[in-house]
Amino acid sequence: MNTIFTLPEASTQAARVDGIFAVLVVVSALTLALVFGLLVTFAIRYRRGSEAKRGRLPEIVNREFEVSWTAATLFLFAFLFWWAASADVGALTAPSNALEVHVLAKQWMWKTQHSNGAREINELHVPIGRPVRLVMTSQDVIHSFFVPAFRIKQDVLPGRNTETWFKATKLGVFPLFCAEYCGTDHSAMRGRVTVMSEDDYTRWLSRQPEGDDLAHLGAKLFVSQGCSGCHAGSSSVHAPKLDGLYGRTVQLSDGRQVKADDAYIRDSILQPKRDVVAGFEPIMPSFAGLLDDGDVQSLTAYIRSLGQEQDHE
Amino acid sequence: MSDVVLAGELPFPQRPDYLAAGSTLRSWLTTTDHKRIAILYAVTITVFFFMGGAAITAVRLELFVPNGWFLTSDTYNRLFSFHGIIMVWFFLVPSIPNTFGNFLMPLMIGAPDVAFPRLNLFSWYLTLVGGAFAVYTLIAGGVDTGWTFYTPFSTMFSNTHVLTAAAAVFVVGFASIATGVNFIATTHMLRAPGMTWFRLPLFVWSIYATSIVMVLSTPVLAISLMLVIAERWLGLPIFDPTRGGDPILFQHLFWFYSHPAVYIMVLPAMGVVSEIIPCFARRRLFGYDFMVYAIIAIAGIGFFVWGHHMFVSGQSPYASLIFSFLSFVIAVPSAIKVFNWTASLYRGQISFNSPMLYALGFVGLFTTGGLSGLFLASIPVDVHVTDTYFVVAHFHYIMVGGSVSAFFGALHFWWPKITGKMYPESWAQFAAITMYFGFNMTFLPQFFAGYLGMPRRYHTYPAEFQLYNVMSSAGAAVLAAAYLLPLMYLTWSLLHGKRAPSNPWSATGLEWTTSSPPPPNNFDMQPLVDRGPYQYHAERESAGTDAPEVQNARSLR
Ligand code: HEM
Ligand SMILES: [Cu+2]
């Protein structure tokens with residue numbers, strides 16, 4: 001838990017962020033000491049009526065000072081940018097073996113769902129030492145998933161998936177906050193992330209009620225919503241087959257290429273006219289309004305379970 | 001108290017000053033004198049300042065305890081929204097430009113008035129209309145969107161008075177645009193003979209740059225608010241994702257205005273400080289032309305960093321990298337300014353009158369706020385601290401520590417010129433110092449609370465953040481008291497203050513060459529300018545070449 005002075009470093013990101021943070025603190029402290037030091041020294045030494053020597057500075061000295069401190073700050077800032085940014089680029093995408101957890105935000109609670117179907121509200125249990133990828137969407141307004149101990153924060157948007165990931169490095173229970181103002185009970189939209197050992201986690205997971213896992217739910221929807229009528233292998237309608245689609249690069253009829261990720265699949269279901277696959281007619285109806293965000297997540301999990309590009313290579 | 005030499009009264013003929021030129025309410029409400037319009041603005045924004053202050057006092061009281069004790073969540077949300085909306089658009093944006101800019105810009109360039117006097121008055125009326133919408137919103141029950149109006153919360157989910165709040169901001173935006181256009185035209189067309197661009201005081205430069213930012217960015221604010229109104233009122237699908245809209249589009253538009261708006265708030269403050277420091281250090285400002293280039297650079301680059309408010313919004317990571325880089329770049333000219341103000345003290349004859357205390361306070365607080373900006377520009381760190389109290393502390397250091405300190409500095413520096421009265425200097429020094437300590441006590445703890453993870457806009461919070469919140473609330477009480485002090489002794493000075501001479505600080509600007517308060521048409525004779533600003537003599541004093549400042553002033557006439 002937090003104490004009032006320190007924040008635990010409970011993820012791999014946390015150590016990285018705190019490293020940059022510490023350097024910035026040092027740079028700031030030195031700069032502040034320099035500015036305050038000079039202000040105070042000059043204020044005392046050159047106060048009105050003191051005996052200090054006055055007189056004009058040669059113009060050339062002015063120039064030299066200006067040019068050198070401009071260049072110095074520019075180099076310092078460029079270095080800080082490069083350093084902080086490269087840490088960020090390194091942490092952009094989750095490792096491919098990451099555990100996938102779906103997060104659905106709504107006013108004012110967090111719903112999480114594990115890939116085997118186990119669901120939690122305002123809670124998230126994860127194993128230590130395994131990367132966890134969060135695929136998040138919101139049912140209403142913008143929220144933001146914030147776990148201070150992990151130094152992660154990501155806005156959760158309606159109508160879109162956003163992702164973040166972490167690898168927990170400490171056992172324990174850590175607060176989860178909503179960081180994007182979302183209405184009346186914004187400040188009560190809190191939860192807990194529990195980091196468990198791998199064994200405890202497996203045990204915990206097996207004790208959860210037998211939720212249908214997402215892919216199974218998706219498989220049922222695939223039939224009941226009529227997707228299979230066109231996309232199933234046996235169908236006579238000319239529609240793309242979905243086996244092995246996930247993660248592949250798709251050629252579109254207007255010449256663009258897109259990667260078949262969660263966002264693409266979501267768009268294809270809700271706004272099928274937007275990205276039409278090359279060689280097919282835009283005949284698919286939109287399912288916007290028929291499927292809610294949870295349904296789309298299930299269908300996505302189902303399509304993912306049909307095989308991924310990596311598995312074929 | 002003041003140990004600056006009080007220059008003797010210049011031998012002006014007796015004639016009415018601009019204050020005495022008419023005393024009916026009508027003469028004020030129909031005036032086109034830029035100086036009177038400045039007073040109208042000053043009164044208006046003072047009222048708003050204390051309204052916004054009252055709202056946040058309630059918020060800070062509520063935050064004494066983790067789970068709240070006298071406000072409901074809804075009331076809490078409406079109070080901080082009202083505080084933000086009022087402070088940004090009805091105080092900070094108009095504060096220095098519309099009061100001191102209006103009063104001083106024509107005087108400083110030797111002009112009889114602004115270029116479009118009636119437009120100037122009209123823009124004050126627009127401010128009133130906008131203010132009326134804001135006050136109506138409050139009376140009708142308030143708005144709970146925060147000052148940022150993020151969609152789709154504001155368009156589809158809030159059931160408070162979003163439309164009138166948006167209308168308030170929309171209307172007051174046009175006052176900014178009108179003022180900006182007016183100042184740009186004034187600077188271009190009405191400079192006195194000899195007042196070349198590189199003889200302009202830095203205050204004029206900064207108001208000029210601010211005006212350009214206002215004119216270019218405010219229309220984008222108007223458009224984004226129009227879109228909010230169109231979706232909320234007419235049901236057009238703009239931000240609603242279930243109908244193909246894009247909720248993030250609003251953030252891009254909003255920050256395209258609101259980031260440059262930060263410079264609308266600090267550039268004028270920088271201008272003020274650049275006037276005060278040379279005067280009380282009796283030194284030429286160090287690196288005048290670098291200061292000018294820095295102003296231009298800040299105003300220009302300010303348009304290209306808006307995405308640093310959106311690192312966690314789900315925008316493209318490559319866009320984030322570019323915005324991060326540009327955010328570091330824009331910190332360079334700000335750093336140059338800090339170094340130059342500091343260097344201006346070197347070999348000076350420094351006296352610590354209250355305007356100088358505010359200016360030095362500004363340099364310290366602005367530096368702290370600016371350095372905390374480096375944390376926010378670094379993407380991985382920003383991901384952790386954005387939308388927490390770290391950000392609240394950061395923007396208060398810049399906007400309140402910076403802008404509001406400079407506003408008080410300006411108030412004390414030009415008060416004798418504006419009102420013709422002197423104020424009790426020791427009270428003013430006391431207020432300045434109290435404000436500085438109250439400010440740090442209020443906002444320093446928020447950096448810690450933010451780093452430890454306390455999100456902003458939280459009505460209730462985990463108990464481990466309580467210590468910091470109590471410190472912050474206690475500081476706010478000190479700060480509030482410090483803000484009330486000037487209200488008292490300045491009012492006192494209006495009634496009982498000593499008459500101010502035309503140039504009480506022996507300053508060099510053109511505004512000090514006319515009487516205090518100035519006559520309606522500013523100058524008896526067209527001023528002629530034969531030198532750059534800040535020709536203070538400390539640097540020559542010990543070198544033996546004495547150049548008394550009062551003669552300088554006369555030779556301009
Ligand atoms: C005694 C002085 C002040 C105190 C104690 C104070 C405190 C606060 C607090 C607690 C918040 C809410 C933070 C949150 O919940 O996210 C806030 C927000 C804000 N304050 Fe102040 N403030 C003060 C003065 C000012 C002044 C003078 C200005 C501008 C002139 C200002 C501008 C703002 C803005 C723009 C916001 C953002 C509102 C929002 O989150 O929607 N504040 N302030
Ligand atoms: Cu939320």
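Chain naming here is simple, since letters A, B, ... match the order of the sequence lines and numbering starts at 1 in each.
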Is there a donor-acceptor contact under 3.5 Å linking the side chains of B:D74 and A:T184?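 Judged by distance alone, the side chains do pair up.
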Within residues 39-47 of chain A, which residues come under 4.5 Å of chain B, heavy atom to heavy atom?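 A:L39, A:F42, A:A43, A:Y46, A:R47 fall under the 4.5 Å cut-off.
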Under a 4.5 Å heavy-atom criterion, the part of residues 261-274 of chain A in contact with chain B comprises none
Tell me whether [X] contacts the main-chain N or O of [Y] through its side chain, where contact means a donor paired with an acceptor under 3.5 Å.
X	Y	answer
B:R457	A:H186	no
A:K153	B:V312	no
B:S73	A:D185	no

Centre-to-centre under 6.0 Å for B:F153 and A:Y181, is that the case here? yes
Answer yes if the ring centres of A:F65 and B:Y346 are under 6.0 angstrom apart, and no otherwise. no
Heavy-atom distances under 4.5 Å only: say whether [X] touches chain A with side chain, backbone, both or neither.
X	value
B:V338	side chain
B:S158	neither
B:Y318	neither
B:T72	neither
B:D240	neither
B:A331	both
B:P462	both

Which atom pair, heavy atoms only, marks the closest approach of [X] to [Y]?
X	Y	result
B:P241	A:G159	CB-CA, 3.7 Å
A:T73	B:F339	CG2-CE1, 3.8 Å
B:P152	A:D140	CG-O, 3.8 Å
B:L452	A:L7	O-CD1, 3.6 Å

Can you find a heavy atom in the side chain of [X] that is under 4.5 Å from one in the side chain of [Y]?
X	Y	value
A:E66	B:I336	yes
A:V141	B:M156	no
A:S28	B:T368	no
A:I20	B:H384	no
B:Y461	A:S187	no

How long is the span from the [atom1] atom in [X] to the [atom2] atom in [Y], to the nearest 0.5 Å?
X	Y	atom1	atom2	answer
B:Q349	A:R48	CD	CZ	5.5 Å
A:T70	B:Y293	OG1	OH	12.5 Å
A:T162	B:I248	OG1	CD1	9.0 Å
B:D246	A:L157	CG	CG	8.5 Å

Specify which of [options] makes the most heavy-atom pairs with chain B at under 4.5 Å.
options	result
A:N161, A:L34, A:V35, A:L38	A:V35
A:P158, A:A14, A:A87	A:P158
A:S50, A:C178, A:G49	A:C178

Taking the six-membered ring for Trp, are [X] and [Y] parallel (under 30°), tilted (30 to 60°) or perpendicular (over 60°)?
X	Y	value
A:F177	B:F465	tilted
A:W69	B:F286	tilted
B:F328	A:F77	tilted

Proximal component of [X], with respect to chain B [non-hydrogen, under 4.5 Å]:
X	value
A:Q13	neither
A:I152	backbone
A:V156	neither
A:R63	side chain
A:F36	side chain
A:M189	backbone

Around A:R192, counting heavy atoms of other residues, nucleotides and ligands shown, do more than 12 lie under 6.0 Å from its CZ?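 No, not enclosed.
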Do you know which of [options] has the most heavy-atom pairs under 4.5 Å to chain A?
options	value
B:L374, B:D382, B:T388, B:V385	B:L374
B:F448, B:Y451, B:Y150	B:Y451
B:T460, B:V381, B:I379	B:T460

